[in-house]
Amino acid sequence: TITYTSETSVAATGALGTFEAYQGNASSDQVISVSGCILSADILIEAPDDFEISLTRGSDYANSLSISPVANTVNVTPVYVRMKASATGTPSGFITFASTGATTRQLTLNGVKYACNATQASLVNIANRTQTTADISWTNGNGSHRVVFIKAASGGYPTPANLTSY
């Protein structure tokens, strides 16, 4: 059986996870898809204040954008979503997809902003050294986690990455 619909429709699909970033940084983007049929107007996509959207991965982010139909149709189009660098705390909201005559669609957005360490650890002390062990102590900074990198060479620096488990 083939079912034909003559209704204007907008579809928005995608499984968005929690957006995460450190204060002052935008999150990585996540992708969703939007499409529409029997459209007489653009699909308007709007993000809440702490999020932004783009049709181009990595650039041209804004709070709203529109996609114009061709022959009354918007083919499946990727939309990139990210949490803004200016967001704080645990922002949330809905991204909306609307077009004249179509039911408005929404997808839920949730984010977490992590505080950056303003004070680094200091006063590193190495005691009781042997060929295979040592006691290491330091004065903590104001962050909630610690990582210690030890290198068996005389030079160089480790390069820890944000939001990485070691």
State whether the side chain of [X] and the backbone N or O of [Y] hold a donor-acceptor pair below 3.5 Å, judged by distance alone.
| X | Y | result |
| --- | --- | --- |
| R57 | Y80 | no |
| S33 | T13 | no |
| K84 | E52 | no |

Give me each pair satisfying ring-ring contact (aromatic ring centres under 6.0 Å, His included) with a member in residues 53-79, each pair once, sequence neighbours excluded.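 Checked against ring-ring contact (aromatic ring centres under 6.0 Å, His included) - neighbours excluded - no pair reaches residues 53-79.
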Does the side-chain contact (heavy atoms from CB on, under 4.5 Å) test come out yes or no for T96 and I45, once each step is laid out? CA-CA 6 Å; T96 60; I45 307 168; over 6 Å; no
Closest approach of [X] to [Y] (non-hydrogen atoms, all atoms of both residues):
| X | Y | answer |
| --- | --- | --- |
| S99 | A41 | OG-O, 3.1 Å |
| M83 | G111 | SD-CA, 3.8 Å |
| G24 | K113 | N-NZ, 4.0 Å |
| T88 | Q23 | CG2-OE1, 3.6 Å |
| R105 | A12 | CB-CB, 4.4 Å |

With side chains defined as the heavy atoms from C-beta onward, is the minimum distance between [X] and [Y] less than 4.5 Å?
| X | Y | answer |
| --- | --- | --- |
| E20 | S27 | no |
| V124 | I136 | yes |
| P69 | D42 | yes |
| T8 | N72 | no |
| T130 | N128 | no |
| E7 | T103 | no |

Say whether [X] and [Y] are linked into one hydrophobic cluster, either directly or through other cluster members, by side-chain heavy-atom distances under 4.5 angstrom.
| X | Y | result |
| --- | --- | --- |
| F97 | L16 | yes |
| L44 | L39 | no |
| V74 | L65 | yes |

Option passing side-chain contact (heavy atoms from CB on, under 4.5 Å) with V81 (candidates L107, D29, I95, V31):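 Exactly one candidate clears the test, I95.
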Please list, chain by chain and in numerical order, all residues satisfying ring pair (Phe, Tyr, Trp, His ring centres under 6.0 Å) with F19, sequence neighbours excluded.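 In terms of ring pair (Phe, Tyr, Trp, His ring centres under 6.0 Å), with neighbours along the sequence ignored, F19 is linked to F51.
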Using salt bridge (Lys or Arg N to Asp or Glu O under 4.0 Å) as the criterion, list what pairs up with D50, not counting sequence neighbours.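 Per chain and number, D50 pairs via salt bridge (Lys or Arg N to Asp or Glu O under 4.0 Å) with no residue.
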When rounded to the nearest 0.5 angstrom, what distance separates OG1 in T18 from CG in L109?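 Spacing of OG1 (T18) from CG (L109) equals 10.5 Å.
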For T104 and F94: C-alpha separation, side-chain torsions, deciding distance, then whether side-chain contact (heavy atoms from CB on, under 4.5 Å) applies. CA-CA 11 Å; T104 298; F94 298 96; over 6 Å; no
What do you reckon, is CG of D49 surrounded by more than 12 foreign heavy atoms closer than 6.0 Å?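 No.
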